[in-house]
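Here is the structure we will look at, set down as structure tokens.
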Amino acid sequence: MSEKLSVKTMEQFAAQGEKPEILFWVGSAGSYDDRAKKISRAFVKILNKANVDFAVLGAEESCTGDVAKRAGNEFLFQMQAMMNIEILNAYEIKRIVTCDPHSFNTIKNEYPDLGGNYEVVHHTQYIKELIDSGRLSIEGEAYKGKRITFHDPCYLGRANSIFDAPRNVLQKTNAIMVEMERNKKTALCCGAGGAQMFKEPEKGDMDINVLRTKDALETNPNIIATGCPYCNTMMTDGIKAHQKEDTVDVLDVAELIANSI
């Protein structure tokens, strides 16, 4: 994905007296983590291909405060949230799309209590929307015949009951979709939620990501598909723990679609 990608900031739109169709909320992982940056670039490639008029906040975007809240620091969460809400409201943002279910859940369900009311869409939902409206065409050859299993992110699936959009999008690749025994509402966490992403397991705790990766490997997949940068990291580490990195890939839905257009 070395091609030049077109990205404009909200500041640039505002300077021209214009507003984008959507704001792409990149999120902390998608901005700073080298692996997650590839997911952000894949999604931007999709937006460019579909001729979506979108913007990012760029340097004006800050952490949603999700991790602080889960770790019990409500004061820090509200500081972060209020700073973001002030910027979003100043730009009169109406619709936000993000590749991060943690950002999705926080902005959608927790910002309204602090004065931030927006339509928030997960990137798999938006990709489905682009396909259904005819703005995006999938070739369906890159992964034809490959076995793909989808891991449901907690904050997308169990917390917000979004199960079908990512699966509907993945089916467009003509891959063979295989479900883990624990899926959708019974899906097991990857182990990164609740700020656990940034610490090692407590002594005596089970490595949840290794257990969840075992669920995925039992489907004999070629690819484990994710819809969250944190899930991607945890499942990738799980693959290494099972010594399967040479035979199984972990890719975000956006990457799979970007490789198919």
Side-chain angles (χ1 to χ4, degrees), residues 1 27 29-30 33-43 46 98-102 104 122-125 127-128 138 140-160 162-193 196-197 201 206-260:
M1 216 165 293
D33 180 76
D34 286 342
R35 176 63 186 90
K37 286 178 187 177
K38 295 179 181 178
I39 299 172
S40 300
R41 289 182 62 82
F43 186 54
I46 292 168
T98 182
C99 299
D100 176 15
H102 297 257
F104 170 85
H122 188 250
H123 72 304
T124 59
Q125 293 178 298
I127 293 170
K128 182 179 184 300
I138 308 299
E141 295 297 326
Y143 300 102
K144 187 175 182 179
K146 296 289 186 181
R147 291 174 62 86
I148 297 180
T149 189
F150 178 70
H151 162 71
D152 292 276
C154 291
Y155 278 113
L156 186 67
R158 288 184 295 163
N160 287 284
I162 297 170
F163 304 110
D164 295 335
R167 289 172 170 80
N168 290 341
V169 169
L170 288 170
Q171 286 172 349
K172 301 294 183 181
T173 65
N174 286 329
I176 300 169
M177 296 297 297
V178 288
E179 290 284 1
M180 300 181 218
E181 184 174 346
R182 290 184 276 199
N183 64 78
K184 299 184 178 179
K185 279 202 175 293
T186 62
L188 184 67
C189 176
C190 74
Q196 298 300 302
M197 174 73 183
M206 183 185 303
D207 286 340
I208 299 299
N209 66 312
V210 177
L211 182 60
R212 183 53 172 166
T213 305
K214 182 174 181 290
D215 285 353
L217 293 176
E218 286 174 351
T219 70
N220 192 29
N222 300 113
I223 298 164
I224 300 173
T226 61
C228 170
Y230 299 109
C231 292
N232 191 290
T233 296
M234 299 301 276
M235 299 299 280
T236 299
D237 287 349
I239 288 292
K240 292 176 183 176
H242 285 282
Q243 299 181 332
K244 293 287 186 178
E245 61 265 42
D246 293 333
T247 57
V248 180
D249 293 323
V250 180
L251 295 170
D252 189 88
V253 174
E255 294 178 298
L256 290 161
I257 296 304
N259 292 336
S260 301

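If you read the sequence from its start, that first residue is 1, and numbering goes on from there.
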Do [X] side-chain atoms and [Y] backbone N/O form a donor-acceptor pair below 3.5 Å?
X: S40; Y: G30; value: yes
X: T186; Y: R182; value: no
X: D207; Y: V210; value: no
X: N259; Y: E255; value: yes
X: N160; Y: Y155; value: yes
X: R147; Y: T219; value: yes
X: T149; Y: V178; value: yes

Check your understanding: Is K184 salt-bridged to E179, cutoff N-O under 4.0 Å?
Key -> no
Review point. When you check the gap from the basic side-chain N to the acidic O, do R212 and D215 get nearer than 4.0 Å?
Key: yes
**Study point:** From CA spacing to verdict: side chain to side chain contact (heavy atoms under 4.5 Å, CB included), D249, N222
**Key:** CA-CA 6 Å; D249 293 323; N222 300 113; over 6 Å; no
Shortest non-hydrogen contact between [X] and [Y], atoms and distance:
X: C189; Y: H151; answer: C-CE1, 4.3 Å
X: C99; Y: P229; answer: O-CD, 3.5 Å
X: G145; Y: I176; answer: O-CD1, 3.5 Å

Rounded distance [0.5 Å steps], [atom1] in [X] versus [atom2] in [Y]:
X: K214; Y: K244; atom1: NZ; atom2: NZ; answer: 12.0 Å
X: T247; Y: I239; atom1: OG1; atom2: CD1; answer: 7.0 Å
X: D152; Y: C228; atom1: CG; atom2: SG; answer: 11.5 Å
X: T173; Y: E141; atom1: OG1; atom2: CD; answer: 10.5 Å
X: C154; Y: L188; atom1: SG; atom2: CG; answer: 7.5 Å
X: L251; Y: I223; atom1: CG; atom2: CD1; answer: 5.5 Å

Review point. Of all residues at least two apart in sequence or in a different chain, which pass the salt bridge (charged side-chain N to carboxylate O under 4.0 Å, His left out) check with D246?
Key: none
Exercise for review: Report the C-alpha distance between D34 and K37 in whole Å, list the side-chain angles of each, state the deciding distance to 0.1 Å, and finish with yes or no for salt bridge (charged side-chain N to carboxylate O under 4.0 Å, His left out).
Suggested key: CA-CA 5 Å; D34 286 342; K37 286 178 187 177; 3.4 Å; yes
Study note, to complete from the structure: Given the options V253, D33, N232, I39 meets side-chain contact (heavy atoms from CB on, under 4.5 Å) only with N232
Exercise for review: Assess whether side chain to side chain contact (heavy atoms under 4.5 Å, CB included) is satisfied between F150 and N183, documenting all intermediate values.
Suggested key: CA-CA 8 Å; F150 178 70; N183 64 78; over 6 Å; no
Check your understanding: Under the side chain to side chain contact (heavy atoms under 4.5 Å, CB included) criterion, do M180 and E218 qualify, and how do the steps go?
Key -> CA-CA 7 Å; M180 300 181 218; E218 286 174 351; over 6 Å; no
Exercise for review: Would you check, one step at a time, whether the test salt bridge (charged side-chain N to carboxylate O under 4.0 Å, His left out) holds for R35 with D252?
Suggested key: CA-CA 10 Å; R35 176 63 186 90; D252 189 88; over 6 Å; no
